[in-house]
Amino acid sequence: MKSLTPSPIDLKSITRTSLGLTHNRLAPARFIVRCVSRYDSANVDSSLVSTAMTGHNFGAGYDGGARHEWQSACAILASKVVTQQQDTEKSSGGADGISAVNGHPTLDLVPVNKSSSPAPLPKPLSIADLSPAPMHGSQLRVAYQGVPGAYSEAAAGKAYPNCEAIPCDQFEVAFQAVELWIADRAVLPVENSLGGSIHRNYDLLLRHRLHIVGEVQLPVHHCLLALPGVRKEYLTRVISHPQALSQCEHTLTKMGLNVIREAVDDTAGAAEYIAMNNLRDTAAIASARAAELYGLKILADGIQDDSGNVTRFVMLAREPIIPRTDRPFKTSIVFAHDKGTSVLFKVLSAFAFRNISLTKIESRPHRNRPIRLIDDANVGTAKHFEYMFYIDFEASMAEPRAQNALAEVQEFTSFLRVLGSYPMDMTPWNPSSSRED
Ligand SMILES: O=C(O)C(=O)C[C@]1(C(=O)O)C=C[C@@H](O)C=C1
């Protein structure tokens with residue numbers, strides 16, 4: 001797996017820039033490519049969308065291998081990326097200049113000289129143009145949260161060997177990177193065998209329209225890392241991702257370290273922070289690969305509270321996969337009901353009667369309607385919390401028993417969405433080979 005630049009994508013830098021489009025490759029007969037530096041979801045330049053959608057700007061001199069770039073450009077434009085105002089453009093690099101957002105050049109398609117030679121006729125779409133397969137050369141681009149050396153990067157590599165791993169500074173950015181065609185897939189953690197659910201990703205799964213197309217379970221082997229020459233006795237602080245801190249809670253206590261524990265965005269980011277700031281009183285909980293990347297030494301190895309510590313990640317894509325029955329599949333759903341938890345028993349029985357095993361059940365606050373009031377004139381007002389329920393079950397949506405179970409669930413619920421039906425990770429169990437180095 002190839003890693004991109006260590007600096008992760010942030011929300012502000014999600015522009016056409018990140019597509020890697022170049023000035024030359026997109027410079028067609030009627031358009032030049034130039035800079036934008038603003039992403040504004042409230043404002044769509046519809047003329048740009050329509051010109052890009054016709055596709056005929058790729059006439060003479062257009063490199064046919066960049067069809068995917070055209071597709072990506074259309075998608076990005078349609079995803080409400082707006083051009084900068086003319087005057088701002090001038091100040092940020094001029095009509096044909098390339099300026100930068102967060103260090104990246106940014107691009108724009110601008111009509112030029114309408115009176116010049118007639119426009120080439122539009123090229124008809126072919127079957128290949130409609131393929132949902134990733135089209136960025138042979139390498140799939142996979143977004144993950146964190147910086148290189150994070151476990152999520154290793155999970156991306158396990159899910160998609162030889163992928164181009166794209167670091168993102170937040171989970172939400174990874175979702176958006178796929179939605180905006182900057183990445184082809186995202187690989188995000190949803191639960192850990194010791195630390196439990198990564199709730200943020202459950203909430204984001206509901207808020208975004210991506211589909212779960214697979215899962216990977218990654219054995220997570222934590223190390224205590226510090227600058228060369230630093231000894232355990234010098235430490236006053238241990239920093240890491242909150243999940244990693246919780247997965248090592250008891251071991252850290254047993255080690256007798258006199259340290260405070262502080263949460264940061266990701267494990268490898270903690271290692272990078274120590275190295276960049278030359279912190280000699282601080283250690284990070286992170287992978288052996290992070291030690292290597294950021295020049296830290298391993299003070300203690302395998303400090304997770306359980307040697308079989310595993311994190312489950314889901315693979316997300318813009319399109320669902322077609323469910324099959326020739327191998328074990330899992331299906332993930334989310335549902336809610338106006339009458340709250342009273343429906344739960346009926347939903348569970350729809351699976352139990354069909355012998356379908358559940359592998360996970362999670363509840364999250366129903367953020368649109370968090371409280372339900374039940375008035376009783378004699379006693380007062382009961383305030384029930386409302387939930388969204390997430391269930392994973394062991395069956396493929398191609399199986400009639402799963403379809404029937406969901407038809408029944410739909411009768412009991414006011415909201416039901418299938419998040420994905422995908423192959424189960426059946427990798428043989430071997431936690432001792434879990435080191436990511
Ligand atoms: O910080 C990282 O390295 C991550 O990839 C994130 C994360 C998580 O969110 O749970 C992933 C796996 C481990 O369980 C610890 C942290």
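Both ligands and their constituent atoms are indexed starting at 1 by order of listing. This is a predicted model, so every value here is computed, not measured.
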Task: Closest non-hydrogen atom pair between I321 and P423, with its separation - done: CD1-CD, 3.6 Å
TODO: Using non-hydrogen atoms of the residue, decide whether G146 is closer than 4.0 angstrom to ligand 1.
DONE: no
- [ ] Tell me which protein heavy atom sits closest to atom 5 (O) of ligand 1, plus the residue, atom name and distance to 0.1 Å.
- [x] S152 OG, 2.6 Å
- [ ] Just need the protein heavy atom nearest to atom 11 (C) of ligand 1, so name the residue and atom and give the distance.
- [x] F313 CZ, 4.0 Å
Purely on distance, is any nitrogen or oxygen of [X] under 3.5 Å from one on ligand 1?
X    : answer
H222 : no
Q243 : no
Y151 : yes
H241 : yes
T311 : yes

Open item on the list: What I'd like to find out is whether the side chain of R327 reaches to under 4.5 Å of the side chain of F329, using heavy atoms alone.
Closed with: yes
Open item on the list: Is there a side-chain contact between R318 and D184 in this structure, where contact means two heavy atoms from C-beta onward sitting under 4.5 Å apart?
Closed with: yes
Open item on the list: Apply salt bridge (charged side-chain N to carboxylate O under 4.0 Å, His left out) to residues E362 and R364 and explain how you reach the verdict.
Closed with: CA-CA 7 Å; E362 179 68 53; R364 295 289 302 143; 5.5 Å; no
Open item on the list: Could you check whether E172 and H208, counting side-chain N and O atoms only, form a donor-acceptor pair closer than 3.5 Å?
Closed with: yes
Pick one of side chain, backbone, both or neither for how [X] approaches ligand 1, counting any non-hydrogen atom pair under 4.0 Å.
X    : value
I198 : side chain
A150 : both
Q247 : side chain

Open item on the list: Within this structure, what is the NE2-CD1 distance for the pair H241 and I285, rounded to the nearest 0.5 Å?
Closed with: 12.0 Å
Open item on the list: Using a 6.0 Å cut-off, check whether atom CG of N258 has over 12 heavy atoms from anything other than its own residue.
Closed with: no
TODO: Out of T267, L218, L188, indicate the one that has the non-hydrogen atom closest to atom 3 (O) of ligand 1.
DONE: T267
Open item on the list: Please confirm whether the ring centroid of Y390 lies under 6.0 Å from the ring centroid of H199.
Closed with: no
